[in-house]
Amino acid sequence: NHTSYPGWQSVGWGPGELFHFSESESSFLCFLLSSSCLQNYIPPESLTLSCPVCRQTSILPEKGVCALQNNFFITNLMEVLQREPECSRPEACSVLESVSAAAAGKPLCCPNHEGKVMEFYCESCETAMCLECTEGEHREHVTVPLRDVVEQHKAALKTQLDAIHSRLPQLTAAIDLVTEISRQLNERKNEAVTEISNTFEELERALHQRKTALITDLENICSAKQKVLQAQLSSLLQGKEHIQSSCSFTEQALSHGSATEVLLVQKQMSERVIALARHDFPERPHQNAHLDCQVETEGLRRSIQNLGVLLTTGAVAHTSVATGEGLRHAATGQHHTITVTTKDKDGELVRTGNAVLKAEIASVDGNRAAETEISDNKNGTYEVGYTLRTEGEYTFSLLLYGQPIRGSPFRLRAVKPSDVPQSPDDVKRRVKSPSGTGGHIRQKAVRRPSSMYSTTKKKENPIEDELIYRVGSRGREKGEFTNLQGISASSNGRVVVADSNNQCIQIFSNDGQFKMRFGVRGRSPGQLQRPTGVTVDMNGDIVVADYDNRWVSIFSSDGKFKNKIGAGRLMGPKGVAVDKNGHIITVDNKACCVFIFQSNGKLVTKFGGRGTSDRQFAGPHFVAVNNKNEIVVTDFHNHSVKVYSADGEFLFKFGSHGEGNGQFNAPTGVAVDANGNIIVADWGNSRIQVFDSTGSFLSYINTSADPLYGPQGLALTSDGHVAVADSGNHCFKVYRYLQ
Ligand SMILES: *[C@@H]1O[C@H](CO)[C@@H](O)[C@H](O)[C@H]1NC(C)=O
Ligand SMILES: *[C@@H]1O[C@H](CO)[C@@H](O)[C@H](O)[C@H]1NC(C)=O
Ligand SMILES: *[C@@H]1O[C@H](CO)[C@@H](O)[C@H](O)[C@H]1NC(C)=O
């Protein structure tokens with residue numbers, strides 16, 4: 001069954017034998033192996049098999065070689081041709097030839113009816129046969145002309161061949177690229193070896209020079225000192241000689257000389273002896289013997305031990321990513337930075353610096369448009385900064401080792417600063433989530449000027465996407481918001497919004513008309529300090545998760561305070577939902593826990609904790625309950641959505657970090673429709689994704705005309721639309737949602 005195990009097909013000529021579809025030829029036999037040979041060739045636990053001829057690796061069935069299925073049609077042809085060598089093609093002795101014969105349409109002989117040509121094919125038995133066979137055991141079966149079947153098989157094979165053929169150019173390119181990288185790697189290595197040799201030879205020369213210089217200096221100092229000492233010595237020796245000769249002369253004259261002689265020399269001798277006695281000989285040394293050499297080598301040795309570092313990383317371009325608003329949007333004259341995070345082939349973070357990264361911003365005509373500066377954080381991340389002078393469209397390429405990183409080149413649009421509503425920092429601060437994110441996860445959408453929308457009344461969508469209307473702008477008045485977070489909908493056609501910085505709850509009709517608001521800022525029961533999550537229970541009561549008061553407040557539908565629950569247990573509740581049993585489920589964002597309470601406040605159970613395991617969270621935000629009463633939690637920092645049974649048993653999760661379909665950059669709001677489909681607000685990617693009940697990606701809600709900016713809470717209205725808290729734009733939006 002070659003569709004399940006690409007490239008391989010078994011023929012039943014001998015037990016479990018294989019042939020291999022060759023990609024390089026249109027003829028489809030590459031080689032044959034007997035199964036015993038195959039079993040020797042492949043260890044029993046092996047999952048794959050490489051073709052010894054063309055080296056292609058194929059995946060084996062779970063049970064190994066013997067589980068490869070027979071193709072009975074070909075089996076049959078083989079059998080015929082093997083058993084009847086004396087038939088019409090006695091030379092057809094090799095399987096290769098037989099199959100080509102079949103393919104070429106040459107007649108085949110029937111093994112059961114001598115001299116009869118196999119012209120028919122029984123579909124139910126998958127076997128070829130002659131006319132006589134069709135009247136025998138196959139009488140009841142549907143038979144068709146063999147030629148048609150062969151043609152069908154050929155056509156099917158041809159289609160499959162074409163499909164793999166079309167992959168060849170890509171593979172060739174990949175082979176060239178990898179070969180080139182391998183060649184370059186060797187070249188770099190050889191260059192580095194030369195570099196090391198040259199550097200060390202130079203160092204050796206420098207060492208030698210220093211040695212010579214030291215010895216020369218030593219010689220010079222020594223000979224200078226010696227000169228002084230020698231001069232002193234010779235004058236001392238001279239003095240000594242004078243004294244000795246004067247002494248011996250005078251002594252001789254005294255003991256052997258005549259009186260006349262003594263008198264004659266007396267004067268002369270006496271003067272000389274007196275002079276010698278008074279002479280000041282240089283008796284104290286004019287120099288010292290100090291001449292040592294001290295070579296401090298400890299530091300040098302240490303330096304030598306650490307001399308030279310090898311710079312390399314495992315980073316590859318196709319997994320490395322860039323983040324930052326400045327990737328796609330810039331304000332002219334302002335400096336922007338984006339962050340590149342390098343990763344290895346498995347997507348693991350590379351934690352060392354020095355990767356070769358190039359950044360280029362080009363205008364549409366291909367000219368360089370801005371200088372880019374790259375700073376290496378030495379931990380695998382790099383900051384790329386630039387400033388654009390003129391408005392327009394640009395391409396922003398980021399090349400790691402000459403290859404484009406994921407998503408590169410990016411389309412970058414520069415606008416005048418006056419067209420950008422807030423500075424990026426302002427936006428980042430405003431959109432910051434209660435858990436203090438906003439650092440490494442940045443926004444990429446820009447918002448449209450809100451002036452095109454009125455403040456308190458809803459406005460129809462002027463541009464075509466799925467938007468039905470939006471309500472609100474930044475402010476403190478009715479129908480205005482400052483960092484709205486949670487949103488919910490009641491069965492009686494209301495949309496309820498938690499306005500976290502204005503410490504109030506605002507209520508609208510399903511078509512966006514402002515109805516009422518309530519809420520007083522404060523830390524007493526019934527007051528609000530930072531309402532972040534909101535839901536409406538079965539009685540129409542409004543349940544509010546109050547982040548800073550650390551409890552959940554319950555209000556009647558007209559805003560009268562009824563009760564508070566979870567005080568003393570909760571650290572920072574954010575999302576809140578009510579299940580079919582009337583249990584109140586709240587996500588404690590700070591404690592990374594999910595709490596389940598009875599409506600009277602009695603704790604039913606809790607689960608979670610900070611971490612990355614299935615029953616832990618790295619920053620849970622919102623929660624929804626599906627039609628099976630299961631609990632769906634968004635894990636902001638784990639970039640995933642986790643699903644639990646009603647009593648907290650982990651069921652499954654989906655999502656990973658990224659910009660692709662089904663990936664998240666910090667998921668926030670979540671809702672489940674009547675069919676169990678899961679709708680998720682993707683905060684950092686500023687979009688809304690729809691998944692089926694098992695977490696398979698289905699679609700996006702088209703928000704392109706009026707982009708979201710850091711969406712938070714999300715709910716389904718009673719008339720089947722999606723309401724989302726567009727926090728960065730300080731409004732909520734209602735979208736068509738096609739189920
Ligand atoms: C890398 O270093 C930069 C600058 O020191 C820092 O802001 C960033 O958080 C670091 N990133 C990681 C992943 O360690
Ligand atoms: C989303 O809506 C815009 C505006 O009508 C349209 O141009 C775009 O093609 C739509 N995108 C998708 C994926 O349907
Ligand atoms: C998310 O959790 C999974 C395990 O559930 C873990 O392997 C992964 O590293 C986590 N991702 C992040 C970004 O924390």
Side-chain angles (χ1 to χ4, degrees), residues 311 313-316 319-327 335-355 357 359 373-385 398 400 405-406 424-425 428-429 432-433 435-442 587 589-594 607-623 630-645 648-660 662-668 670 678 680 682-685 689 691 694-695 697:
L311 302 184
T313 75
V316 291
T319 55
S320 295
V321 294
T323 50
E325 202 183 357
L327 218 45
H335 189 257
H336 294 272
T337 43
I338 61 118
T339 305
V340 173
T341 305
T342 54
K343 299 187 179 177
D344 70 11
K345 73 173 199 324
D346 302 318
E348 290 294 319
L349 239 105
V350 170
R351 302 203 180 272
T352 56
N354 301 308
L357 182 67
E373 72 273 1
I374 298 177
S375 70
D376 185 347
N377 290 333
K378 300 283 181 193
N379 60 10
T381 68
Y382 303 77
E383 309 289 331
V384 181
L398 289 160
L400 182 69
I405 69 162
R406 200 197 286 181
D425 283 351
K428 245 180 272 157
R429 188 163 38 76
K432 206 165 141 176
S433 80
S435 59
T437 58
H440 67 290
I441 297 162
R442 293 184 193 162
V587 171
N589 169 269
K590 256 200 192 143
C592 290
C593 277
V594 172
F607 59 91
R610 188 177 298 279
T612 56
S613 82
D614 290 340
R615 264 175 62 101
Q616 290 179 317
F617 302 101
H621 273 227
F622 285 94
V623 60
E630 291 162 353
I631 301 167
V632 184
V633 181
T634 52
D635 195 353
F636 193 85
H637 288 297
N638 191 255
H639 309 291
S640 64
V641 174
K642 297 177 174 173
V643 181
Y644 301 86
S645 71
E649 188 195 332
F650 173 79
L651 299 175
F652 65 96
K653 67 173 183 222
F654 57 93
S656 60
H657 191 197
E659 294 185 348
Q663 292 191 305
F664 299 111
N665 188 358
T668 45
V670 59
I678 302 168
V680 185
D682 187 356
W683 184 81
N685 290 326
Q689 302 194 60
F691 300 85
T694 65
F697 172 80

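Values in this document were obtained by computation on a predicted structure and should not be read as measured data. Counting starts at 1 for both ligands and their atoms, in listed order.
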Practice problem: Would you sort out whether Asn377 and Glu383 count as a side-chain hydrogen bond (donor to acceptor under 3.5 Å, both in side chains), showing the intermediate values? | Solution: CA-CA 7 Å; Asn377 290 333; Glu383 309 289 331; 3.0 Å; yes
Quiz item: Does atom CD of Glu649 have more than 12 heavy-atom neighbours from other groups under 6.0 Å away?
Solution: no
Quiz prompt | Minimum-distance pair of heavy atoms, taken over all atoms of His335 and Thr337 | solution = CE1-CG2, 3.8 Å
Quiz item: Within 4.0 Å of atom 5 (O) of ligand 1 (strictly less), any protein heavy atom?
Solution: no
Quiz item: Nearest protein heavy-atom contact for atom 2 (O) of ligand 3: which residue, which atom, what distance?
Solution: Asn638 ND2, 2.3 Å
Practice problem: Say whether Lys642, considering both its backbone and side-chain N or O atoms, lies within less than 3.5 Å of an N or O atom on ligand 3. | Solution: no
Quiz item: At what distance is the nearest protein heavy atom to atom 13 (C) of ligand 3, and which residue and atom is it?
Solution: His637 O, 3.7 Å
Quiz item: Picking from Val384, Leu398, Thr339, what satisfies side-chain contact (heavy atoms from CB on, under 4.5 Å) with Leu327?
Solution: Leu398
Self-check item: Exercise check, heavy-atom protein proximity under 4.0 Å to atom 9 (O) of ligand 3
Solution: no
Quiz item: Where the closest heavy atom to atom 1 (C) of ligand 1 is concerned, which of Thr341, Asn379, Thr381 has it?
Solution: Asn379
Self-check item: Within-cut-off N or O pair, Ser613 and ligand 3, under 3.5 Å
Solution: no
Self-check item: Close side-chain approach of Lys345 and Thr319, heavy atoms under 4.5 Å
Solution: no
Practice problem: For Ile338 and Ala322, work out which heavy atoms get closest and say how close. | Solution: CD1-CB, 4.1 Å
Quiz item: Which atoms of ligand 3 have any heavy atom of Lys653 under 4.0 Å away?
Solution: 4 (C), 5 (O)
